[in-house]
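Comments concern the structure below.
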Protein chains: 2
Amino acid sequence: MPAKIQPEHHNASSAGTMPGNRARNKLLREQQLLQLAQNILQQDGFAGLTMDRLTAASEVSKGTIYNHFCSKEDLITALSVDSLQRQLLLFHQVLALPGHSRERALALHYAYYRFSTAEPTLFLCLLSATTAAVVEKTSATRLAQRQALEQQLLSCCEQVINQAIADKALQLQAGRGIDQLTYLQWALAFGANALYGPSQQMGFFQGLEQQQLMLAGINLLLDGLDWTPLSGQFDYQQSWRRIAAALPQTQAAQ
Amino acid sequence: MPAKIQPEHHNASSAGTMPGNRARNKLLREQQLLQLAQNILQQDGFAGLTMDRLTAASEVSKGTIYNHFCSKEDLITALSVDSLQRQLLLFHQVLALPGHSRERALALHYAYYRFSTAEPTLFLCLLSATTAAVVEKTSATRLAQRQALEQQLLSCCEQVINQAIADKALQLQAGRGIDQLTYLQWALAFGANALYGPSQQMGFFQGLEQQQLMLAGINLLLDGLDWTPLSGQFDYQQSWRRIAAALPQTQAAQ
DNA sequence: ACCTGAACACCGTTCAAGT
DNA sequence: ACCTGAACACCGTTCAAGT
């Protein structure tokens, strides 16, 4: 028997659609719209995503769509928020795996890599959502949502570094903060994924095996930080494979 | 006395505009159009760049503009080609400076950083020019131009690595190729510049001093490779400052 | 051979009219 | 209070007519 949620009574009105239910319905429809938008993105790429097509794919009118997203840019930011939520989910999954601190850092890199390859269009969305032109035309509440999620993702990273310091696997040199380490790793991961990734950017690197390269880059960086166990003393290739196998493969399609 | 290039005679025609002259004029006008496009970009950002506005800013008609650029995307790729040319110029300037191999690698990083901050809109152009949507709609000859320039930029990087190997400042481990090293450094540089750079992407890293961070990241990576002299044995901060001072500051405006 | 600009198709956004 | 879709403004692209 499906759980039918009854409206609260404190707001007197006739039977049928109550305010609580209504807000929930609106949110539900927004998620449906976002799903439709992602389908369009996957089928026809970024240029294929127009408000007209989204309207046609949905069961509501253009005006109603603008009731949810104040502009096309707002829609894109909404998609990026959705992406960050999935990314955060991946981060949590991957942090639940067993292993020492450096393996957990590696796991975060893997999760980021996995997302960028499994959802190339969404990765592009994330990128363009940070563009000034898009930011300027998105609602304040949506921007706040994104910022909150970004903060949560960062917390995951910092948590791992803090653990490493507590375990004495890593010592911070003078003048080097946790935010700096996070930034550097994020930059390497972002660059590697963007260069190889969604849009085949920079065609000249296509011959290389990306996963091996990413792992090599991460090892160089973390060895440079003296984050033990160093790559000479531990088989991180096996860690990478183990993490990859542990993550559910049902990420690509839906 | 200005050098007036005379047309060849093998193509009989009346006096005045000869084929050679004509081709040169066309190229000249194309460069003027690109300059106008960049002015618009700098003033009103990416969204402000429309074919209408470019037409209005120029002294030719819309049809003529489409004679130069087969689509708006072709124009964007043309701008990216222009950017790569400037970048290559910077690379050459910076490689002419004195110093050992690791300092030269650092100099390339500096040139890349300098370009991304001095010309944020062009850096964005470079990024979006790699997008599938843009690539699909640009002419084959323009794409070939870009690829050739990318190859030249890569050559600069590989040249430095080769020099380092010849100088015994760097030894390649088994299974590690020059292209891998180039890729990793490029990824870190690209990520760091994109994350901090043109569009203030990822607001959460804004508090950090980017130049210090980049230098730290490069040092970690190159120390990890055992590229001597290591950062503990050499003052790369000073190198960075020296390189910065040596490069002409007249890069931003025009 | 090259240039022109009116004309067309498409897309983001709005808003008066409906329920 | 919310939905609708016609209407508007804008922009990329084309092409018949001009020189």
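Convention: sequence-line order gives letters A, B, ...; per-chain numbering from 1. Just so we're clear, the structure is a prediction, and the values are computed from it rather than from any experiment.
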**Asked** Is D/dA7 paired to anything, Watson-Crick or G-U wobble with both distances less than 3.5 Å, and if yes, which nucleotide?
**Response** C/dT13
**Complete:** If pairing means Watson-Crick or G-U wobble with both distances under 3.5 Å, then the partner of D/dT19 is C/dA1
Please report, rounded to the nearest Å, how far the [atom2] atom of [N] is from the [atom1] atom of [X].
X: A/Lys137; N: C/dC11; atom1: NZ; atom2: C1'; result: 12 Å
X: B/Leu75; N: D/dT13; atom1: CG; atom2: P; result: 10 Å
X: A/Asp44; N: C/dC11; atom1: CG; atom2: P; result: 11 Å
X: B/Glu30; N: C/dC2; atom1: CD; atom2: P; result: 14 Å
X: A/Ile40; N: C/dG12; atom1: CD1; atom2: P; result: 11 Å
X: A/Met51; N: C/dT14; atom1: CE; atom2: C1'; result: 12 Å
X: B/Leu49; N: D/dG12; atom1: CG; atom2: C1'; result: 12 Å

**Message:** Below 30° counts as parallel, above 60° as perpendicular, anything between as tilted: where do the rings of A/Phe190 and B/Phe190 land?
**Reply:** parallel
**Prompt:** Is a salt bridge present between A/Arg146 and A/Glu150, judged by a nitrogen-to-oxygen distance below 4.0 Å?
**Reply:** yes
**Prompt:** Under 3.5 Å, is there a donor-acceptor pair between the side chain of A/Thr50 and the main chain of A/Arg53?
**Reply:** yes
**Message:** Given 3.5 Å as the limit, does a donor-acceptor pair link the side chain of A/Ser71 with the main chain of A/Lys137, or not?
**Reply:** yes
**Prompt:** Between C/dC11, C/dT13, D/dG12, which one does the side chain of A/Glu73 approach most closely?
**Reply:** C/dT13
**Prompt:** Do the side chains of B/Leu153 and B/Leu149 get nearer than 4.5 Å, heavy atoms only?
**Reply:** no
**Asked** Under 4.5 Å between any side-chain heavy atoms of A/Leu126 and A/Ser116, yes or no?
**Response** no
**Prompt:** Which of residues 52-68 of chain A have a heavy atom under 4.0 Å from DNA chain D?
**Reply:** A/Val60, A/Ser61, A/Gly63, A/Thr64, A/Asn67
